[in-house]
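In what follows, residues are counted from 1 in the order of the sequence shown.
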Amino acid sequence: MENNKTPIKIGITGGIGSGKSYVCRLLEQRGIEVYDCDAAAKRLIRTSTRLRQQLKELIGSLQKADISRFLLANEGNQQAVNAIVHPAVFQDFEASGMQWMESAILYESGADRLVDRVVVVTAPEEVRIERVMSRDSISREKALQWIARQWPQEEVRQRADFEIVNDGEADLEKQIERLLRSLNKKLRIKS
């Protein structure tokens, strides 16, 4: 049984192109600070000599294009990078004191162990592909490669406690309001 006096931690996830970062911006407009795992990983890689050295030894270069090629080459490469970066990000999240965490690979990385509830942001695959192609100026093939590197959206949706549909039609504000009401009823959260 959870202690209702202790604020809980909430993870927000969703596959690439689902729009989870946009949902997090909407939460931040409501005064909810969200820890961005991707931004934290980039910051830590920039600022931690130890992380930079470990990654350079593994990849040979810290250029974005080289890292991207290395990650997409095979699953083992991705796991090797994650084994270096994820523990540093998890430690940084814990030290941040924040309650909300955004992570595209919340389950894959094991970050779900750091949170009490999970919100998944979903969108139809074609919408996700178009968003990624537009945002990153990449081909459809490359967008599909990135999508394929993550867990299937349906599997993540089934594991999550809450879902926000970001298909470009559903009202995000209403869904966020329902989410916050539900969380406040069930558990004590700071918002």
Side-chain angles (χ1 to χ4, degrees), residues 1-43 82 86 89-136 143 146-191:
M1 187 163 146
E2 294 182 48
N3 179 348
N4 288 336
K5 303 265 187 230
T6 304
I8 63 157
K9 294 189 185 296
I10 301 158
I12 300 176
T13 193
I16 188 170
S18 66
K20 74 194 153 309
S21 296
Y22 180 69
V23 168
C24 288
R25 283 195 299 277
L26 294 176
L27 287 167
E28 288 170 348
Q29 289 173 4
R30 294 170 176 259
I32 297 170
E33 194 175 13
V34 181
Y35 181 91
D36 181 338
C37 287
D38 285 345
K42 289 172 185 165
R43 173 180 47 81
N82 291 346
H86 290 167
V89 172
F90 297 168
Q91 186 177 22
D92 192 62
F93 171 68
E94 291 289 309
S96 75
M98 292 186 202
Q99 289 182 263
W100 294 74
M101 167 201 283
E102 173 191 357
S103 174
I105 55 171
L106 187 83
Y107 291 109
E108 299 96 308
S109 69
D112 60 307
R113 294 186 310 263
L114 303 175
V115 297
D116 302 295
R117 293 288 184 269
V118 175
V119 178
V120 64
V121 180
T122 62
E125 184 171 297
E126 201 52 47
V127 171
R128 294 173 59 202
I129 292 167
E130 291 298 322
R131 286 176 180 164
V132 174
M133 288 171 57
S134 174
R135 179 192 72 195
D136 297 344
W146 282 113
I147 288 171
R149 286 279 179 204
Q150 297 177 341
W151 279 12
Q153 180 172 258
E154 183 59 25
E155 185 174 344
V156 176
R157 190 184 68 71
Q158 288 176 6
R159 288 177 176 237
D161 300 294
F162 303 95
E163 178 182 16
I164 292 180
V165 177
N166 186 13
D167 58 5
E169 296 177 23
D171 187 325
L172 290 176
E173 292 290 345
K174 284 183 181 174
Q175 291 181 79
I176 290 169
E177 191 58 42
R178 270 195 308 271
L179 167 68
L180 295 175
R181 271 197 315 269
S182 178
L183 286 169
N184 280 321
K185 282 180 187 173
K186 292 180 180 184
L187 309 158
R188 181 175 167 258
I189 64 168
K190 289 194 313 192
S191 57

Practice task
Quick one: pull up CZ in Phe93 and CD in Gln99 and give me the separation to the nearest 0.5 Å.
Solution key: 8.5 Å
Problem - Atom pair CG/CG of Leu179 and Asp161 - distance to nearest 0.5 Å - result: 10.0 Å
Handout entry: Steps toward side-chain contact (heavy atoms from CB on, under 4.5 Å) verdict (Gln158, Gln153)
Key = CA-CA 9 Å; Gln158 288 176 6; Gln153 180 172 258; over 6 Å; no
Exercise for the section: Give a yes or no on whether the backbone of Gly17 and the side-chain of Arg131 come within a donor-acceptor separation of less than 3.5 Å. Expected result: yes
Exercise for the section: Just do the side-chain contact (heavy atoms from CB on, under 4.5 Å) check on Thr13 and Val121 with the steps written out, would you? Expected result: CA-CA 6 Å; Thr13 193; Val121 180; over 6 Å; no
Problem - Minimal non-hydrogen separation, Gly110 against Phe90, with atom names - result: C-CZ, 4.1 Å
Exercise for the section: Kindly indicate, with the supporting measurements, whether the criterion side-chain contact (heavy atoms from CB on, under 4.5 Å) is fulfilled by Glu102 and Cys37. Expected result: CA-CA 6 Å; Glu102 173 191 357; Cys37 287; over 6 Å; no
Exercise for the section: Any chance you could measure Arg117, atom CZ, to Ile12, atom CD1, to the nearest 0.5 Å? Expected result: 14.5 Å
Completion exercise
Distance col, row Ile16:CD1 vs Arg128:CZ, nearest 0.5 angstrom, shows 8.0 Å
Practice task
Report, as yes or no, whether the 6.0 Å neighbourhood of atom CD on Glu33 holds more than 12 heavy atoms from other residues, nucleotides or ligands.
Solution key: no
Exercise for the section: Determine yes or no for a side-chain-to-main-chain donor-acceptor pair under 3.5 angstrom, with Gln150 supplying the side chain and Ile105 the backbone. Expected result: no
Problem - Crowding at CD, Glu94 (>12 non-hydrogen neighbours, <6.0 Å) - result: yes
Problem - Test item: Ser109 and Asn82 side chains (from C-beta on) under 4.5 Å apart, heavy atoms - result: no
Completion exercise
d(Asp38 CG, Ser103 OG) to nearest 0.5 Å is 7.0 Å
Problem - Donor-acceptor under 3.5 Å (Glu163 side chain, Arg157 main chain) - result: no
Problem - Contact check, side chains of Arg178 and Ser182, non-hydrogen atoms, under 4.5 Å - result: no
Exercise for the section: Would you check if Val115 and Trp100 make a side-chain contact, meaning some heavy-atom pair closer than 4.5 Å? Expected result: no
Handout entry: Test item: Asp92 side-chain N/O and Ala95 main-chain N/O as donor-acceptor pair under 3.5 Å
Key = no
Handout entry: Ile32 and Glu28, any side-chain heavy atoms less than 4.5 Å apart
Key = no
Problem - Face-on cation placement of Lys9 at Tyr35 ring, 6.0 Å and 45° thresholds - result: no
Completion exercise
To the nearest 0.5 Å, atom CD of Glu173 lies from atom CZ of Arg30 at 5.0 Å
Practice task
Before accepting this row, confirm whether a basic side-chain N of the pair Arg159/Asp112 lies closer than 4.0 Å to the acidic partner's carboxylate O.
Solution key: no
Exercise for the section: Measure across Gln175 and Val165 and return the closest heavy-atom pair with its distance rounded to 0.1 Å. Expected result: OE1-N, 2.7 Å
Practice task
Among Leu183, Val120, Val118, find the residue that satisfies the side-chain contact (heavy atoms from CB on, under 4.5 Å) test when tested with Phe162.
Solution key: Leu183
Handout entry: Lys/Arg N to Asp/Glu carboxylate O, Arg135 vs Glu130, below 4.0 Å
Key = no
Problem - Pairwise side-chain contact, Val89 with His86, heavy-atom cut-off 4.5 Å (strictly under) - result: no
Practice task
Just do the side-chain contact (heavy atoms from CB on, under 4.5 Å) check on Thr122 and Asn166 with the steps written out, would you?
Solution key: CA-CA 6 Å; Thr122 62; Asn166 186 13; over 6 Å; no
